Number of protein chains: 2
Amino acid sequence: MSNNEGPGRTVTLSDVARSAGVSIATASKALNGREDVAPATRARVLEAADALAFTPNPMARGLLAGRTGTVGVLTSDLEGRFMIPILMGAEDAFGAGQVNVFLCDARGDAIREQHHLKALLSRRVDGIIVVGRQTDPRPSLGQDLPVPVVYAYSPSDDPRDLSLTPDNYAGGRLAVEHLISCGRTRIAHISGDPSYAAAQDRLAGAHAALARAGLELVGEPMFSMWTEHWGRDAAAMVLQRHPDVDAIFCGSDQIARGVLDTARDFGRTVPDDLAVIGYDNWEVLARNSRPELTSIDANLQQLGRQAAQRVFDAIDGVDIGEGTYHLPVRLVIRGSTIARQ
Amino acid sequence: MSNNEGPGRTVTLSDVARSAGVSIATASKALNGREDVAPATRARVLEAADALAFTPNPMARGLLAGRTGTVGVLTSDLEGRFMIPILMGAEDAFGAGQVNVFLCDARGDAIREQHHLKALLSRRVDGIIVVGRQTDPRPSLGQDLPVPVVYAYSPSDDPRDLSLTPDNYAGGRLAVEHLISCGRTRIAHISGDPSYAAAQDRLAGAHAALARAGLELVGEPMFSMWTEHWGRDAAAMVLQRHPDVDAIFCGSDQIARGVLDTARDFGRTVPDDLAVIGYDNWEVLARNSRPELTSIDANLQQLGRQAAQRVFDAIDGVDIGEGTYHLPVRLVIRGSTIARQ
DNA sequence: CTGTTAGCGCATTCAA
DNA sequence: TTGAATGCGCTAACAG
């Protein structure tokens, strides 16, 4: 387990050079594919490097190059449902190349975030992805950072930053359009915390789709929490006050699960008597309900991949651009809106 | 955005030294809190460093020390439910100190894992935590790695490695003991994939607790999948064949959710007519069911923290030990086993 | 107490 | 085509 004595000592370029009978400089050139080295010499060097299992020390290398081949991912809440797919997408995109990801979880604490930011910068990461936990704008890290930054999920509140966030407006529209195309006209909306931009944007999208069809929401949209419990309670109120409702657009899959539950209590058959559509396409919930839940998927993994690609580009000197991009979402149709044949 | 020209250039120790009017060496000593430097000088250096927002270059530092202050976390399946708390625990424990975490997701692919392992080693991480997705033993990374390795969740199949894994046997025992202490005697077991060690261990623990009370499982334990759907189907079978069952120990919270669902269809009141206990304490599921779900919590965050602590120690030269440690789990009591007053 | 010197591992001039 | 020398930013000996 010791790592700096005996034959287990880390093998350096000079070991390779000696073993190949050349100078350090020549060995370096040979290994890095520079042109001005004789084929025979190069072969010998490569062979020696291989035999010694030589891997260049990235710190020595970085010290010269000024690049570390690492990026930081600064998340504000690892626990959250949305981080993981984004993180996967990013790690994926980077993993393909030669860069590795430093993960930092700020636990939603601004102090801790500053701390981690400093740590990342002092590690000389080549770029940073900031992943937020809501789609509400978040404070910018500032413009004077020495590395490119991309904001994912939570956009930055500074328009000079580059932000990628899912298009909740389109999601709301998509959901309602689907319900209408299923022949529903009496549509209610049950959503979560109204202070979330996500809740408002989805509602706005829904309104737009309804208006285009000459329809209106049944009752007022109902806001409270993103939980199954609230879905149950709200659905009971809706079904009591508006028995003629024929579809409910839910702000999350959790809420939708609660709605399904209550619908059963009320003797309403889904999707025949009542269509239900969720949001997030959280498969654990959506695929295990009775019936399975139609939902809107925000393509978060894709979002993470794109964020990674952007910092990649920025590192390579490509102009990174600015402003907030709303990435497309998609409809996933299951049994809660269309009966299986 | 450029990072090596103009006044935005990275500030180095020599900048600080010049600004403070001392030599580089003195500046270094002052900043690192070495004793042999005059208080006044130290103050000037610190002031200068602060004014210039100096942060030491970890690569230069690491080049000397032979340490990078980084560890790798090699997960086999980020998506999985169990990674996140472990990851959080680890990141937490490290974040407190000065080390940062490289995250690598092998996606359950051995090739990819090898690739990432190489990448981590070539980055000279000081240690590695391997996080698996099941509690079944997994192939060891081998004994000849230049850095300490700790296996979390999935133990290594080589007893010379150090592994930390939750004590599923104790979990099964705990669950059944709780049911018995609630006065239940006709207990059935519905679990997931029988090829999982977790399924077998929990069952074994359950058997032990039953035996000690002079009881037996009602019917054969039922195995299939870790899903809500299976929980529903299995519960229907159990309730049909053994109407006198008064408790069901479920292998996962998902299964338990399905069981609760079916219990309602059968007109069984939980917990009065039927007690239900889940496993994993996945709050999204457990806290949103009707009634809320009693469950076993594996303390995964704690497990992650301990894994981090171990590699920490190992890096510091403390003997890391070997073998597989089964970490304690805990019972979380909610309404599905004990009625609220 | 402070400054000078050396060297970590590597890539890159520039001479030979 | 090769190699000796230089320096990236920092710390650890030592000498002053």
Side-chain angles (χ1 to χ4, degrees), chain A residues 3-5 9-46 48-49 52-70 98 121-126 146, chain B residues 3-5 9-46 48-49 52-70 98 121-126 146:
Chain A
N3 64 1
N4 59 356
E5 56 182 57
R9 216 191 82 263
T10 316
V11 25
T12 78
L13 183 57
S14 76
D15 295 326
V16 176
R18 191 172 339 109
S19 160
V22 298
S23 77
I24 298 183
T26 307
S28 172
K29 289 173 196 159
L31 288 172
N32 292 329
R34 309 268 315 215
E35 280 314 320
D36 38 358
V37 56
T41 317
R42 160 161 302 144
R44 253 186 314 139
V45 172
L46 289 176
L52 297 175
F54 168 74
T55 57
N57 184 325
M59 289 186 288
R61 194 171 244 177
L63 203 49
L64 283 302
R67 268 196 200 180
T68 55
T70 63
Q98 290 307 316
L121 290 178
S122 83
R123 282 218 181 279
R124 305 291 195 268
V125 292
D126 296 331
Chain B
N3 65 1
N4 58 355
E5 56 182 56
R9 215 189 85 261
T10 316
V11 23
T12 80
L13 183 58
S14 77
D15 295 326
V16 176
R18 191 173 338 111
S19 160
V22 298
S23 78
I24 298 183
T26 307
S28 172
K29 288 172 197 158
L31 289 172
N32 292 329
R34 309 268 314 222
E35 280 314 319
D36 37 358
V37 58
T41 317
R42 160 161 304 146
R44 254 186 313 139
V45 172
L46 288 176
L52 298 175
F54 167 75
T55 57
N57 184 327
M59 290 185 286
R61 197 171 242 178
L63 203 49
L64 282 303
R67 272 193 200 180
T68 55
T70 63
Q98 290 308 313
L121 291 178
S122 83
R123 283 218 181 278
R124 304 287 197 273
V125 292
D126 296 331

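Quick note: numbers below take in every heavy atom, side chains included, and nothing from hydrogens, waters or symmetry partners. This one's a predicted model, so the numbers in the text were calculated from it and none came from an experiment. Here is how names work: the chains are called A, B, and so on, in the same order as the sequence lines, proteins then strands, and each is numbered from 1.
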Check your understanding: Nearest-Å distance, CG (B/Leu13) to P (D/dA12)?
Key -> 12 Å
Exercise for review: Would you mind reporting whether B/Asn32 and B/Arg61 have side-chain heavy atoms less than 4.5 Å apart?
Suggested key: yes
Check your understanding: So, for A/Leu13 and A/Ser28, which heavy atoms are closest and what is the spacing to 0.1 Å?
Key -> CD2-CB, 3.8 Å
Exercise for review: Round to the nearest Å and state the distance from A/Lys29 atom NZ to C/dA15 atom P.
Suggested key: 14 Å
Review point. Any side-chain heavy atom of B/Leu63 sitting closer than 4.5 Å to one from A/Asn57?
Key: yes
Exercise for review: Starting from P on D/dA13, measure out to CZ on B/Arg34 and report it in whole angstrom.
Suggested key: 8 Å
**Study point:** B/Arg18 CZ to D/dC10 P, straight-line distance once rounded to whole Å
**Key:** 12 Å
Review point. Under 4.0 Å between a side-chain N/O of A/Ser28 and OP1 or OP2 of C/dC10, yes or no?
Key: no
Exercise for review: Please determine if a side-chain N or O atom of A/Thr41 lies less than 4.0 Å away from the OP1 or OP2 oxygen of D/dT1.
Suggested key: no
Revision key, fill the gap. With sequence neighbours left out, the residues meeting salt bridge (charged side-chain N to carboxylate O under 4.0 Å, His left out) with A/Arg18 are A/Asp15
Study note, to complete from the structure: Which of C/dG3, C/dC10, D/dC10 is nearest the side chain of A/Phe54? It is C/dC10
Practice item. Indicate whether OP1 or OP2 belonging to D/dG9 is found under 4.0 Å from a side-chain N or O atom of B/Arg61. Key: no
Point to revise | Heavy-atom check, side chain of A/Thr68 versus side chain of A/Arg123, under 4.5 Å | key: no
**Study point:** Atom pair CZ (A/Arg42) and CZ (A/Arg34), whose distance is rounded to the nearest 0.5 Å
**Key:** 10.0 Å
Point to revise | Closest-nucleotide ordering on DNA chain C, the 5'-leading residue of B/Ala38 and B/Leu64 | key: B/Ala38
Practice item. Using a cut-off of strictly less than 4.0 Å, decide whether A/Ser23 has a side-chain nitrogen or oxygen near OP1 or OP2 of D/dG3. Key: yes
Check your understanding: OG1/A/Thr55 to CG/A/Leu31 distance, rounded to the nearest 0.5 angstrom?
Key -> 11.0 Å
Review point. Atom CZ of B/Arg67 and atom P of D/dG9: how far apart are they, to the nearest Å?
Key: 24 Å
Check your understanding: B/Asp36 near the nucleic acid: base, sugar-phosphate alone, or nothing, with a heavy-atom cut-off under 4.0 Å?
Key -> base
Check your understanding: Between B/Met59 (CE) and C/dC8 (P), how many Å, whole number?
Key -> 18 Å
Point to revise | Between the first and last five pairs of the helix from C/dC1-D/dG16 to C/dA16-D/dT1, the angle of the axes, rounded to 10 degrees | key: 50°
**Study point:** Below 4.0 Å: OP1/OP2 of D/dT11 and any side-chain N or O of B/Asn32
**Key:** yes
Review point. Is A/Ile24 touching bases, backbone alone, or none of the nucleic acid, heavy atoms closer than 4.0 Å?
Key: nothing
Check your understanding: On DNA chain C, nearest-nucleotide positions of B/Leu63 versus B/Gly21: which is more 5'?
Key -> B/Gly21
Exercise for review: Report yes if at least one side-chain N or O of B/Thr12 is closer than 4.0 Å to OP1 or OP2 of D/dG9; otherwise report no.
Suggested key: no
Check your understanding: How many Å lie between CG on B/Leu31 and P on D/dC10, as a whole number?
Key -> 9 Å
**Study point:** Nearest non-hydrogen partners of A/Val11 and A/Ala53, listed with the distance
**Key:** CG1-O, 4.0 Å
Review point. In whole angstroms, how far is the P atom of D/dG9 from the CZ atom of A/Arg124?
Key: 9 Å
Review point. Of the nucleotides C/dC10, D/dA4, D/dT11, which one has an atom closest to the side chain of A/Ala25?
Key: D/dA4
